[in-house]
Structure formats: C-alpha cells, structure tokens
Amino acid sequence: MDGNSYATDKKNHFLPGVTSLNNILDKHGYQQKILLGSDATFGGRRSYFTQHGNVQIDDLLTARKDGRLPEDYYVWWGYEDSKLFEYAKESALELSKLDQPFNLTMLTENTHHIGGYPEPDMPEKYGDQYSNVIAFSDHQIVEFIK
C-alpha cells in the first residue's frame with residue numbers, strides 16, 4: 001500500500017466505524033477547520049478529515065487555489081509555519097464571528113525531522129539546526145496564543 005491508502009477499506013473509507021473527536025464536535029454543531037502547510041492528501045489526511053466530522057481543509061493546495069500563494073510555491077513540505085500562523089489568525093477571527101462554536105486545528109510542518117526547516121528570520125541560539133527550529137516553533141506558538 002502507498003502512503004495515501006493505508007487504514008482504508010475496499011470502499012475507500014478511512015478508519016470505518018471510528019468515532020473521532022471531530023465526529024463528536026460535528027454532532028454538537030461545531031464549525032471545524034484544519035490548516036496545514038502541506039498537501040492534505042498525504043497519508044490519507046484529506047480522507048480522514050472529510051469522512052470524520054465535516055472538517056473544512058485549508059492546505060497547500062487551497063492556498064495556491066485561492067491566490068494566497070503562487071501556483072508553484074513549495075518549500076520543505078509545502079509552505080512554512082510563519083505563513084500557517086498568519087492564516088490561522090485570519091481563520092480564528094473569521095470563525096469567532098460565526099454564531100456557533102468552532103474547532104480550529106493546525107498541523108505545523110517546520111519541526112518535521114530530519115533537521116526541520118529553518119525559516120530565514122529564525123534566531124540561531126543553539127549549536128544545531130533542529131534545536132533552533134524547535135525553539136523558533138515554540139516562539140511562534142507563544143506569539144500565536146498571545
């Protein structure tokens with residue numbers, strides 16, 4: 001099996017019979033969105049989020065399609081986390097204006113091993129790239145939460 005077909009049955013249902021948190025939130029009226037800087041198709045994620053909880057997917061392909069990124073934009077796994085956090089801020093504000101609860105999920109990419117992705121403005125506090133990438137990701141998360 002390839003990386004996009006595991007955990008599926010012969011009818012292409014992703015984890016049939018599983019009740020996920022997204023299923024529960026959908027049942028309770030939550031508007032749901034996931035943001036990820038890569039192609040959501042990888043690893044069956046697109047199938048999972050479409051089949052479990054009616055989750056709107058905003059991925060690399062979405063950002064290209066709606067013009068936030070050029071059609072040929074690609075770094076590391078898709079696009080860098082600094083863009084992901086900006087898109088997430090916009091999404092959180094949009095979702096907060098709706099008259100229903102929401103679930104906003106993010107999948108960061110920069111800390112993916114091996115070595116991570118060093119963004120141009122990443123400070124170099126430590127002696128190795130991966131430690132610096134993790135520290136910068138921590139900083140980005142803190143700033144997002146603020």
Side-chain angles (χ1 to χ4, degrees), residues 1-123 130-146:
M1 282 191 270
D2 66 29
N4 292 322
S5 62
Y6 67 89
T8 62
D9 69 8
K10 292 177 183 167
K11 295 180 183 174
N12 293 321
H13 291 100
F14 196 97
L15 296 174
V18 166
T19 300
S20 71
L21 176 60
N22 297 111
N23 293 119
I24 294 166
L25 293 175
D26 183 45
K27 183 178 176 181
H28 290 280
Y30 278 70
Q31 177 71 30
Q32 299 188 83
K33 184 174 191 175
I34 182 166
L35 286 112
L36 51 164
S38 58
D39 180 347
T41 307
F42 179 78
R45 297 175 301 189
R46 185 175 309 283
S47 296
Y48 172 78
F49 285 108
T50 8
Q51 296 174 25
H52 293 279
N54 192 32
V55 180
Q56 178 189 358
I57 297 170
D58 187 333
D59 66 349
L60 171 65
L61 304 180
T62 309
R64 287 175 177 167
K65 185 177 179 178
D66 67 19
R68 285 177 286 158
L69 295 174
E71 281 293 320
D72 62 346
Y73 194 89
Y74 194 88
V75 297
W76 192 235
W77 286 87
Y79 65 81
E80 56 273 66
D81 288 351
S82 58
K83 288 178 176 47
L84 182 80
F85 283 108
E86 287 305 312
Y87 300 157
K89 288 176 191 176
E90 294 166 8
S91 293
L93 288 172
E94 289 171 15
L95 289 166
S96 71
K97 293 176 184 174
L98 301 175
D99 191 24
Q100 68 187 109
F102 68 89
N103 166 32
L104 177 62
T105 302
M106 295 170 53
L107 174 63
T108 60
E109 308 287 342
N110 287 5
T111 57
H112 197 288
H113 208 49
I114 296 176
Y117 178 74
E119 293 199 33
D121 58 344
M122 177 190 80
Y130 200 44
S131 295
N132 287 315
V133 168
I134 291 170
F136 189 55
S137 183
D138 288 349
H139 168 76
Q140 290 175 307
I141 293 167
V142 167
E143 290 304 309
F144 176 75
I145 292 170
K146 284 182 183 177

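Computed from heavy atoms alone, side chains included, the values below leave out hydrogens, waters and symmetry copies. One is the number of the first residue; the rest follow in order along the sequence.
- Between Phe144 and Phe85, the ring-plane angle classifies as tilted under the 30° and 60° cut-offs.
- Considering only heavy atoms from C-beta on, Tyr74 comes within 4.5 Å of Arg64 through its side chain.
- When the ring pair (Phe, Tyr, Trp, His ring centres under 6.0 Å) test is applied to Phe102, no partner is found at least two apart in sequence or on another chain.
- Closest of all the heavy-atom pairs between Leu60 and Gly78 is CD2-CA, 3.8 Å.
- Asp58 has its side chain within reach of Arg68: a pair of non-hydrogen atoms, C-beta onward, lies under 4.5 Å apart.
- By the neighbour-count criterion of 12 heavy atoms within 6.0 Å, atom OH of Tyr117 is densely surrounded, having more than that number from other residues, nucleotides or ligands.
- Of all heavy-atom pairs between Arg45 and Ala40, the closest is CB-O, 3.1 Å.
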How far apart are the C-alpha atoms of Glu143 and Lys146, what are their side-chain angles, what is the distance that settles it, and do they pass the salt bridge (charged side-chain N to carboxylate O under 4.0 Å, His left out) test? CA-CA 5 Å; Glu143 290 304 309; Lys146 284 182 183 177; 3.5 Å; yes
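- Between Asp26 and Asn54, the shortest heavy-atom contact is OD1-CB, 3.7 Å.
- Scanning both residues, Thr62 and Ile57, for their nearest heavy atoms gives OG1-O, 3.4 Å.
- The side-chain heavy atoms of Glu109 and Leu84, taken from C-beta on, include no pair separated by under 4.5 Å.
- The aromatic rings of His112 and Trp77 sit tilted relative to each other, their planes meeting at an angle between 30° and 60°.
- A pairwise comparison of heavy atoms in Ser20 and His52 identifies OG-CB, 3.6 Å as the closest pair.
- Residues Thr108 and Asn110 have side chains that never bring a donor and an acceptor to within less than 3.5 angstrom of each other.
- Tyr130 meets the ring pair (Phe, Tyr, Trp, His ring centres under 6.0 Å) test with His113; sequence neighbours excluded.
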